Colleague: 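Before I ask anything, here is the structure I am working with.
None of the values given here were measured: they were computed from a predicted structure.
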Number of protein chains: 2
Amino acid sequence: MSRPRTFCEVTALDRALDVFWRTGYEGASISALTEAMGINRPSLYATFGNKEELFQKALARYVDLKNAFFDNAMAQPTAREVVAKLFHDGAEILTDPNHPVGCLSVQGALACTAETERVRDELAKIRSDYEARLRARFEEECRDGRLPAGTDPEVLARFVTTVSHGMSVQASGGATCEQLRAVADMAMRAWPVPDAA
Amino acid sequence: MSRPRTFCEVTALDRALDVFWRTGYEGASISALTEAMGINRPSLYATFGNKEELFQKALARYVDLKNAFFDNAMAQPTAREVVAKLFHDGAEILTDPNHPVGCLSVQGALACTAETERVRDELAKIRSDYEARLRARFEEECRDGRLPAGTDPEVLARFVTTVSHGMSVQASGGATCEQLRAVADMAMRAWPVPDAA
DNA sequence: CCGATTTCATACCAATCGGTACAAAACTAG
DNA sequence: CTAGTTTTGTACCGATTGGTATGAAATCGG
C-alpha cells in the first residue's frame, strides 16, 4: 500500500549484477552500484539490505542464468556430450559481448581481505556445487558402465571444472570464443576411453 | 651518505608481495602493506614511489620466483615432459603453505575498476608471456617433427595455460596438491599422439 | 479530499582510502 | 664536534568508503 516503487526490483538487480561481474565485489562501490541501478542510496539499502546482501541477491540471479546454461548441457544423453556442450556453449557465454567477460564466480573474488572472506567462500561454494553436480552425473554413468571401468568420476569432474575456470581466466585476458573452443576440443581428447587391452 | 635505511628493501618488497598475493591489488591497503612491511607510510612512498609502483616492483619479484619454476620445467628434454613438470611442480607451488595459495597473476585482478585497469592488463600480459614462451617451445618441436604432424602449437600452449590457470582457481577454492596432480594427469591424456593411420 | 504510510532525495555520518608536510632523530663527511 | 643530508615518526590532507537521519513528495484507503 501507499507509495509504489518507481523502479523495477529485478532490473535494478540485473544492473547491480553487471557491476559486480565487471569490477568484482570489492571493486563495486555503492556509488557505482546506485548509478548503474538508477536509484539512490537509501532506496538501495531499504530494498536490498546492504552491500553484501545485494551481492547475494545479484549472485542468485547470476546462478539462475548459469543454471539455465548448465541444465541445458546436463540434458545431453551422455556424460561426454554433457561436457562437450558445457565447453562449447561456455566458450560463447564467457566471451558474449552482452555481458562482462568471464564467469562471475571466478572474477568476483579469488583474493580477498578479511572482511570479504564470506563473499569469496560463497563463490567457492558455488563453484564446488557445480563440480558436485558433474561428479554425481559421472558417478551415475560409471555405475551404469557407460563410462570406462577405472574412470574416477571425482577427478573427471574436477578436470572439467578446472578447464572451465581456466577458460574464464583466458576470456578475462581477451581470448575469443573460437580460441576457447579450440582449447575445449583439445581438453576433450583427455576424455576416458575403454582400455584397448 | 647520511642516515642509512633501517629496513631491507627486498625483504620489505617480499612482505608487500605477500599482501598483494593474498588480497589482490585493490584489497591491499597502504596501511596493511606498511604494517606487513614493518615500515611507515612516508618510507614506503620515498622508497617505492606509490602503490602501483610498489605493486610493479613486488610483481617483478614474483616473476623472478615464477621464472625459476618455469625455466626449471622448460629445461626438460621434451615438450611433453616440460608440461608434465609444469603441472606436477605447479600443483605443489599453488598449494604451498609457505605462501598465499594460487597464482598472483590470476588472483591479483581479473575484474577491476577503471582506475586499476593497468594492473589487470599487466597481469594479463604476464600470463600471455608465459603462454608465448610455451608456444615458441612447441613450435620448435613441431618443426623438428618431435610433436606429431597436425599439432597446433598455439592451441597446445593455450590449453596448457588454461589448465594451469584453472588449477590456480581450484587451489583458491581449497584443492590439495594431490587433487591438482590428479587433474594434471588427466590433462596430460589430451597430449597429442601420432595418428594411428 | 484527507490522513496514514511509504518512497524519495538531500545531506550527512564516522572510518578508511591513497598520499604528503613537517620536524625530530640519526647518520656521515668534514 | 659540527654542518649537512636523509630517514624516520606523527599528524595531517582531500576524497571516497559503506551506511543513515530526516523531511518532503507521492500514493493509497477511507
Side-chain angles (χ1 to χ4, degrees), chain A residues 1-13 15-20 22-59 108-109 111-120 122, chain B residues 1-13 15-20 22-59 108-109 111-120 122:
Chain A
M1 31 184 146
S2 300
R3 183 175 177 178
R5 290 245 151 77
T6 63
F7 62 93
C8 171
E9 191 168 324
V10 291
T11 62
L13 211 45
R15 303 284 182 81
L17 170 58
D18 186 79
V19 175
F20 282 126
R22 267 186 294 109
T23 69
Y25 178 75
E26 294 194 297
S29 70
I30 301 291
S31 298
L33 288 165
T34 55
E35 188 178 353
M37 297 166 84
I39 67 180
N40 39 33
R41 292 164 100 83
S43 296
L44 188 156
Y45 282 90
T47 310
F48 302 104
N50 60 14
K51 184 182 177 181
E52 191 172 333
E53 290 178 45
L54 172 63
F55 178 77
Q56 286 167 355
K57 283 162 181 146
L59 185 57
C112 68
T113 64
E115 296 109 34
T116 57
E117 267 182 350
R118 279 196 308 279
V119 169
R120 180 201 54 182
E122 227 165 324
Chain B
M1 32 185 147
S2 297
R3 184 174 179 178
R5 290 244 152 77
T6 62
F7 63 93
C8 171
E9 190 168 324
V10 290
T11 62
L13 211 45
R15 303 284 181 82
L17 171 58
D18 186 81
V19 176
F20 282 126
R22 265 186 296 108
T23 68
Y25 178 76
E26 293 194 299
S29 70
I30 301 290
S31 299
L33 287 164
T34 55
E35 188 178 353
M37 298 165 84
I39 67 180
N40 41 32
R41 294 163 99 82
S43 296
L44 188 155
Y45 282 91
T47 310
F48 303 103
N50 60 13
K51 185 181 178 181
E52 192 171 334
E53 289 177 44
L54 172 63
F55 178 76
Q56 287 167 355
K57 283 162 181 145
L59 185 56
C112 69
T113 64
E115 295 108 35
T116 57
E117 268 182 349
R118 279 195 309 277
V119 170
R120 181 201 53 183
E122 228 165 324

Colleague: Just grab all the side-chain hydrogen bond (donor to acceptor under 3.5 Å, both in side chains) pairs involving residues 37-49 of chain A, residues at least two apart or on different chains.
Modeller: A:R5-A:T47, A:S31-A:R41, A:N40-A:S43
Colleague: Base, backbone or nothing for each nucleotide of nucleotides 11-22 of chain D, written B, S, -, heavy atoms under 4.0 angstrom, 5' to 3'?
Modeller: ------SBBBB-
Colleague: How far apart are the C-alpha atoms of B:Y25 and B:R120, what are their side-chain angles, what is the distance that settles it, and do they pass the side chain to side chain contact (heavy atoms under 4.5 Å, CB included) test?
Modeller: CA-CA 9 Å; B:Y25 178 76; B:R120 181 201 53 183; over 6 Å; no
Colleague: Taking N or O atoms only and anything under 3.5 Å, show me the protein contacts with nucleotides 2-4 of chain C, one pair per line.
Modeller:
none

Colleague: Between B:R3 (CZ) and C:dA26 (C1'), how many Å, whole number?
Modeller: 4 Å
Colleague: Output, in order, the C-alpha distance, side-chain angles, deciding distance and verdict of side chain to side chain contact (heavy atoms under 4.5 Å, CB included) for A:L54 and A:L13.
Modeller: CA-CA 8 Å; A:L54 172 63; A:L13 211 45; 3.6 Å; yes
Colleague: Distance check needed: D:dT7 C1' versus B:F7 CZ, whole Å only.
Modeller: 9 Å
Colleague: For B:K57 and B:F48: C-alpha separation, side-chain torsions, deciding distance, then whether side chain to side chain contact (heavy atoms under 4.5 Å, CB included) applies.
Modeller: CA-CA 8 Å; B:K57 283 162 181 145; B:F48 303 103; 4.1 Å; yes
Colleague: Rounded to whole Å, please give me the gap between CZ in B:F55 and P in C:dG18.
Modeller: 14 Å
Colleague: Counting just side-chain N and O atoms, does A:T6 come under 4.0 Å of either OP1 or OP2 of C:dC8?
Modeller: yes
Colleague: For B:R22, give me all partners under side chain to side chain donor-acceptor pair (under 3.5 Å), at least two apart in sequence or on another chain.
Modeller: B:D18
Colleague: Taking side chain to side chain donor-acceptor pair (under 3.5 Å) as the definition, give me every residue that meets it alongside A:E52, ordered by chain and number, with sequence neighbours left out.
Modeller: A:R118
Colleague: Has B:T116 got a side-chain atom pairing as donor or acceptor with B:V119's backbone, closer than 3.5 angstrom?
Modeller: no
Colleague: Suppose we screen for side chain to side chain contact (heavy atoms under 4.5 Å, CB included). Which residues come up paired with B:A28, at least two apart in sequence or across chains?
Modeller: B:V19, B:F20, B:T23, B:L33
Colleague: Please state how far atom CZ in B:R5 lies from atom P in D:dT5, giving the value in whole angstrom units.
Modeller: 18 Å
Colleague: Atom CD of B:E35 to atom C1' of D:dG9: distance rounded to whole Å?
Modeller: 16 Å
Colleague: How many whole angstroms separate atom CG of B:L54 from atom C1' of C:dG19?
Modeller: 13 Å
Colleague: Ignoring backbone atoms, test whether A:N40 places a side-chain nitrogen or oxygen under 4.0 Å from the OP1 or OP2 oxygen of C:dA9.
Modeller: yes
Colleague: Are side-chain heavy atoms of B:M37 and B:T34 found at a separation under 4.5 Å?
Modeller: no
